[in-house]
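Here's the structure, in structure tokens; my notes come after.
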There are 2 protein chains.
Amino acid sequence: MQPMPTRLPPADRDEIVRTAENLFREFLRDRGLKYTDEREDILGAVMGTDEHFEAEQLLFLMRQQNLRVGKATVYRTLKLLVECGIVKEVHFSNKQVHYEHTYGQDPHDHMVCRRCGRIIEFDAKDVARLRTLIAAEHRFHALAHRFQIMGLCETCTKSCPIGPQARLLGGRKKKRPNKEPGTRRT
Amino acid sequence: MQPMPTRLPPADRDEIVRTAENLFREFLRDRGLKYTDEREDILGAVMGTDEHFEAEQLLFLMRQQNLRVGKATVYRTLKLLVECGIVKEVHFSNKQVHYEHTYGQDPHDHMVCRRCGRIIEFDAKDVARLRTLIAAEHRFHALAHRFQIMGLCETCTKSCPIGPQARLLGGRKKKRPNKEPGTRRT
DNA sequence: GTCAATGCAAACATTTTGCAACTCT
DNA sequence: AGAGTTGCAAAATGTTTGCATTGAC
């Protein structure tokens, strides 16, 4: 879906996928849960995507590969994968939750372009350091963070030097989308 | 709802509420929109809360004060207030959106205790500085950020010195809290 | 053989929308 | 007067759940 989403040499990749599978299997076993075909397929699909995705997209992707699983199972399994630490939730919009697999990747956070929606990842090391510092100041024990920078990517900045925030992503949409004439009144 | 939620001397407060009203009025006028009683009431209610709230809560609060507005209007107006910069969206859970008015306050971000849900605010200056730095590195023009630290507050850290993350907030809810491992293991 | 997992559809919760009546400006 | 606004209830989302059936261990 994007130019070069892969962040790892394909050699390491298989290795990592395998390790993730083992991790998940153990995680399930420890809890008396089962490693089913569906769960295996879903993990496979997740690990095969280096993009951010939403539940429905994953489902669609799997259907294209002739892997048939129910929507509910996807949701249920994603939840497990999050608990297990292989997948992370990302909250870009206020709508659906996005996911990304983070297993075998360096921790990173995201920049979101408000105009074109492009997403840029950046190393989270500095953020993590700052978070620990801030937490300590408040006697808080930091376990994780969510960080997101919103703004304009290089391209969009150029094409809109000053544009007084003219119609940024997320602005209100026009009225009538497309309506069909008819009697609706109750 | 909390010890000392107010962050401003009451004197400044009225001043700020008034300024916010003006800001909103201008914002509306500039766009050919109207400053209606409902919008005024909603802004009032919003400015009267130093807490984070969700749409439905605000509605409830207003009803208690005999201010009757429709739910749809609340949603529509909150959206305007966000656009206007008086209100900010906060995303604590994956469920509903939370809001807070930020007008006249120092920018801050939040720490969320995973155990008790407590929310601690902290100055966002350092975060903002870091965000600008990171953005510049990627030739990105930062306009805003979302930052949230998840972990354990002081109290909860004490009451759970090491607790291997036993049932943190946000964990799965179903199933009985602590069940006996019957015949797992094979 | 058991207990958990699946798929489906119905249930949910939150937010958005269409529309007729109504109100600022 | 007229464009914008309101409230209501219906619709739209995205996610979860109940339950009978299927499947892993």
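Since this is a predicted model, take the numbers as computed values, not measurements. Numbered from 1 within each chain, the chains take letters A, B, ... in sequence-line order.
- Distance CZ (B/R25) to C1' (C/dC24): 13 Å, rounded to an integer number of Å.
- Distance CD (B/E38) to C1' (C/dT23): 9 Å, rounded to an integer number of Å.
- A/V46 and A/H101 get closest at one heavy-atom pair: O-ND1, 3.4 Å.
- Atom CG in B/L58 sits roughly 15 Å away from atom C1' in C/dT14 (whole-Å rounding).
- A sub-4.0 Å separation between OP1 or OP2 of D/dG4 and a side-chain N or O of B/T36 is absent.
- Annotation: of the two residues near DNA chain C, B/Y35 and B/E56, the 5′-most nearest-nucleotide partner is B/E56.
- In this entry the distance linking CG of B/L59 with P of D/dG7 reads 10 Å, nearest Å.
- Rounded to whole angstrom, the span from the CG atom of A/D30 across to the P atom of D/dC25 amounts to 14 Å.
- Using a 4.0 Å cut-off between a side-chain N of Lys or Arg and a carboxylate O of Asp or Glu, A/R31 and A/E83 qualify as a salt bridge.
- Using a 4.0 Å heavy-atom cutoff across all strands shown, A/R68 reaches sugar-phosphate atoms only and no base atom.
- Regarding contacts with the backbone of D/dT16, every side-chain N or O of A/Y75 stays at 4.0 angstrom or more from both OP1 and OP2.
- Electrostatic pairing of A/K71 and A/E56 counts as a salt bridge here, judged by a charged N lying under 4.0 Å from a carboxylate O.
- Comparing D/dT6, C/dT15, D/dA9 by their closest approach to the side chain of B/V97 singles out C/dT15.
- Within the 4.0 Å cut-off from OP1 or OP2 of D/dG7, at least one side-chain nitrogen or oxygen of B/T73 is found.
- Residue A/K95 places its side chain closer to C/dT16 than to any other of C/dT16, D/dT15, C/dA4.
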I would like to know whether B/E100 and B/H110 meet side-chain hydrogen bond (donor to acceptor under 3.5 Å, both in side chains); could you show each step before the answer? CA-CA 12 Å; B/E100 61 175 2; B/H110 304 96; 3.2 Å; yes
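- Between the C1' atom of D/dC19 and the CZ atom of A/R76 lies a distance of 11 Å, rounded to the nearest Å.
- OP1 or OP2 of C/dA5 has at least one side-chain nitrogen or oxygen of A/R39 nearer than 4.0 Å.
- Here the P atom of nucleotide C/dT25 and the CD atom of B/E40 are 10 Å apart, to the nearest Å.
- Between A/K71 atom NZ and C/dC8 atom C1' the separation is 11 Å, expressed in whole Å.
- Taking for each of B/K34 and B/H98 the nucleotide of DNA chain C with the nearest heavy atom, the 5'-most of the two is the partner of B/H98.
- The side chain of A/K79 contributes no N or O atom lying less than 4.0 Å from OP1 or OP2 of D/dT15.
- Looking only at side-chain heavy atoms (C-beta outward), B/K125 and B/D106 stay at 4.5 Å or farther from each other.
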